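Keep in mind that this is a model prediction, so the values were computed, not measured. What you see below is based on every heavy atom in this structure, not just the backbone, and it leaves out hydrogens, waters and symmetry mates.
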Amino acid sequence: NGWFEAKLVSLIDYALKILAWGATCVCLQCQFSNPGEQKRFPVVLRIWWGFYFSISCYCLVIDIVLFKKHVSFPSQYLVSDVLSVVTGLFLCIVGFFLRNESEDTLLEEPLLNGDSSVSNGVEWSKEKGGDTVTPYSNAGIFSILTFSWMGPLIAAGNKKPLDLEDVPQLDSHDSVIGAFPKFKNRLESADSEGNGVTSLKLVKALFFSAWKDILWTALFAFTYTVASYVGPYLIDTFVQYLNGQRKFKAEGYLLVATFFVAKLVECLCQRRWFFKLQQVGLRQRAVLVAMIYNKGLTLSCQSKQSHTSGEIINFMTVDAERVGDYSWYMHDPWMVVLQVALALLILYKTLGLASIAAFVATVLVMLVNIPLGKMLEKFQDKLMESKDTRMKATSEILRNMRILKLQGWEMKFLSRIVGLRSVEEGWLKRFVYTNAMTAFVFCFAPSFVSAATFGACRFLGVPLESGKILSALATFRILQEPIYNLPDTISMIVQTKVSLDRIAAFLRLDDLQPDAIEKLPSGSSNTAIEIADGNFSWDTSSPTATLKDINL
């Protein structure tokens, strides 16, 4: 009968799936434990994955036939078979349609090359490791989405500790050699009037030097945000379906498939979003460090008097790194608006006019942040000024340590350094305490918003059914993350603005006169250095030169 057929099919289905997955795990274990047999096992894996896909398709066809015959069987069998078919298709695509990089390396390796160390098919050779460009530069869309281009490096690290020769070179687009000229041209075109570099011009140059990647990350962030709200939007419908309120026959399968696809899209977009943001941040940090270093080589003597080497190191190690770290928070300001708007739409669909209370509570929470943000900006500015003062005094003391020891002034200047450090600690305490207050406000915010919303429901007489409560709680849970991260975002915006102002002010300093020195080709003259009618001064604005008419 139908019941016996369904039971028999389900038992055969689960037995064959367990067998296929067990064989897959055994093959993978053998592949990583026996490097010498690695050439044979990928074929076995493909055979097992094809077998698993065919069994899944067979079971799905039987489920459909039984369903058409109106044979009653648990619906989880059909859901399990659908997921098994999707998984088997994925494994077959991986096994049959993607190139195995390790096998390609073996096939391309000369037969009579005894010096090669690519015997296991996954390691880069010592001779060409430093010249190998990262597989990411030529990776396909599937490899990029699944990060499978990292496979050869991970496989090599599984067999031995990685050396520098094993790590491939960056693509020219990501290396500072290729990124810095583009950034420099953008900055020069932004400062075409010659008025000097400002923070706005610096931001424009940073944006337009990586605008494609930034737009891609914005698209990933937008897709991730929309996909994350699919669950809360459909929870009420799913609860109604479980309670027997079914709008059409296959509504349950459609809801489950929608949940699955939305979660898959959410995970893929989030991984690509984070990866591209980190890539952009590292590139921006690298070009800023290169720009600051090149500026330090061309500073005039007067500019060097006002900025010591310690301050320049601060620009590269603190300010440039902070600008690079801001890439993680780049899309948070507009994402907060989008997430709040989507949350309010879902709450309005679920709770009606009670969503206005949620909107008012969210706005109140955000308005509290305005004075705290101004205080954070002020304290961060003072903190960086005190840090520069301490670094400058420390550099001067270290350069003149011989004089200090000769005069016995060690304790005198030590007390001065301690005093400067205490001033810096004072501003740091104010900054940290204000940041803690901001974090406390936003940790309390989700509970405040949910309490205000449900209180408004009770006041307006909106019935709080289980589906509506679950949908609202899921919405609040997702909304909690942007509200919770908003203090860090505001703090990072403030710190990045201060760092950009400091870097722009450093790049506006006067350089050495480019026409004051004439360089001849090496070997064209017997004279190493020649000064003709030279005038020298510590201050370029001084009306009279300190040294006049120097000829030597």
Okay, side chain of [X], backbone of [Y]: is any donor-acceptor separation there less than 3.5 Å?
{"X": "Tyr229", "Y": "Gln339", "result": "yes"}
{"X": "Asp166", "Y": "Asp163", "result": "yes"}
{"X": "Ser143", "Y": "Gly140", "result": "no"}
{"X": "Thr489", "Y": "Tyr329", "result": "no"}
{"X": "Asn158", "Y": "Ile154", "result": "no"}
{"X": "Asp171", "Y": "His173", "result": "yes"}
{"X": "Ser209", "Y": "Lys182", "result": "no"}

When you compare the side chain of [Y] with that of [X], does any pair of heavy atoms fall below 4.5 Å?
{"X": "Arg186", "Y": "Lys204", "result": "no"}
{"X": "Leu288", "Y": "Leu202", "result": "yes"}
{"X": "Val239", "Y": "Lys468", "result": "no"}
{"X": "Gln278", "Y": "Trp328", "result": "yes"}
{"X": "Ser327", "Y": "Met330", "result": "yes"}
{"X": "Phe238", "Y": "Leu470", "result": "no"}
{"X": "Arg322", "Y": "Gln380", "result": "yes"}
{"X": "Leu153", "Y": "Met150", "result": "yes"}

Run the numbers on Asn138 and Trp149 for side-chain contact (heavy atoms from CB on, under 4.5 Å), then give the verdict.
CA-CA 9 Å; Asn138 298 319; Trp149 54 269; over 6 Å; no
Residues which pass ring-ring contact (aromatic ring centres under 6.0 Å, His included) with Phe315, listed by chain and number, not counting sequence neighbours
Phe506
Applying the side-chain contact (heavy atoms from CB on, under 4.5 Å) criterion to Phe379, which one of Leu428, Asn435, Thr434 satisfies it?
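It is Thr434; the other options fail the test.
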Hey, which of Val337, Asp332, Leu338, Val336 is the one that makes side-chain contact (heavy atoms from CB on, under 4.5 Å) with Trp334?
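That would be Leu338.
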Could you state the interatomic distance from [atom1] ([X]) to [atom2] ([Y]), rounded to the nearest 0.5 Å?
{"X": "Glu425", "Y": "Leu383", "atom1": "CD", "atom2": "CG", "result": "11.0 Å"}
{"X": "Thr438", "Y": "Met375", "atom1": "OG1", "atom2": "CE", "result": "8.5 Å"}
{"X": "Lys184", "Y": "Met291", "atom1": "NZ", "atom2": "CE", "result": "6.0 Å"}
{"X": "Tyr326", "Y": "Ser499", "atom1": "OH", "atom2": "OG", "result": "12.5 Å"}
{"X": "Asp511", "Y": "Leu297", "atom1": "CG", "atom2": "CG", "result": "10.5 Å"}
{"X": "Leu345", "Y": "Thr475", "atom1": "CG", "atom2": "OG1", "result": "10.5 Å"}

Neighbour count >12 (heavy atoms, 6.0 Å) for atom [atom1], [X]:
{"X": "Phe274", "atom1": "CZ", "value": "yes"}
{"X": "Phe275", "atom1": "CZ", "value": "yes"}
{"X": "Met437", "atom1": "CE", "value": "no"}
{"X": "Tyr233", "atom1": "OH", "value": "no"}
{"X": "Leu473", "atom1": "CG", "value": "yes"}
{"X": "Tyr293", "atom1": "OH", "value": "no"}

Using a strict cut-off of less than 4.0 Å between a Lys/Arg side-chain nitrogen and an Asp/Glu carboxylate oxygen, indicate whether [X] and [Y] qualify as a salt bridge.
{"X": "Lys263", "Y": "Glu266", "result": "yes"}
{"X": "Asp325", "Y": "Arg285", "result": "no"}
{"X": "Lys392", "Y": "Asp388", "result": "no"}
{"X": "Arg502", "Y": "Asp319", "result": "yes"}

Just do the side chain to side chain donor-acceptor pair (under 3.5 Å) check on Ser303 and Ser300 with the steps written out, would you?
CA-CA 5 Å; Ser303 300; Ser300 63; 3.0 Å; yes
Phe208 vs Leu187, side-chain contact (heavy atoms from CB on, under 4.5 Å): CA-CA, chis, key distance, verdict:
CA-CA 10 Å; Phe208 286 110; Leu187 189 59; over 6 Å; no
Report yes or no: do Asp236 and Ser471 form a side-chain donor-acceptor pair below 3.5 Å?
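Note: Asp236 and Ser471 side chains miss the donor-acceptor criterion.
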Distance-only polar pair, side chains of Ser175 and Ser172, donor-acceptor under 3.5 Å
no
Has Lys276 got its NZ or CZ under 6.0 Å from the middle of the six-membered ring of Phe220, at an angle within 45 degrees of the ring axis?
no
Shortest non-hydrogen separation from [X] to [Y] and the atoms involved:
{"X": "Phe259", "Y": "Ile235", "value": "CZ-N, 4.5 Å"}
{"X": "Ser386", "Y": "Val423", "value": "CB-CG1, 4.4 Å"}
{"X": "Val287", "Y": "Gln284", "value": "CG2-O, 3.1 Å"}
{"X": "Leu507", "Y": "Lys295", "value": "O-NZ, 3.2 Å"}
{"X": "Thr217", "Y": "Trp273", "value": "O-CD1, 3.8 Å"}
{"X": "Ala357", "Y": "Ala452", "value": "CB-O, 3.8 Å"}

Going through the checks in order, is the side chain to side chain donor-acceptor pair (under 3.5 Å) test met by Asp213 and Gln279?
CA-CA 9 Å; Asp213 292 332; Gln279 193 178 21; 5.8 Å; no
Looking only at the aromatic ring of each residue, does the gap between the centers of Phe142 and Phe147 stay below 6.0 angstrom?
no
Criterion side-chain contact (heavy atoms from CB on, under 4.5 Å) on Met335 and Thr225, from CA distance to verdict
CA-CA 8 Å; Met335 280 184 60; Thr225 303; 3.4 Å; yes
For a side-chain contact (heavy atoms from CB on, under 4.5 Å) check, start with the C-alpha distance between His331 and Ile214, then their side-chain angles and the critical distance, and finish with the verdict.
CA-CA 9 Å; His331 301 298; Ile214 293 176; 4.0 Å; yes
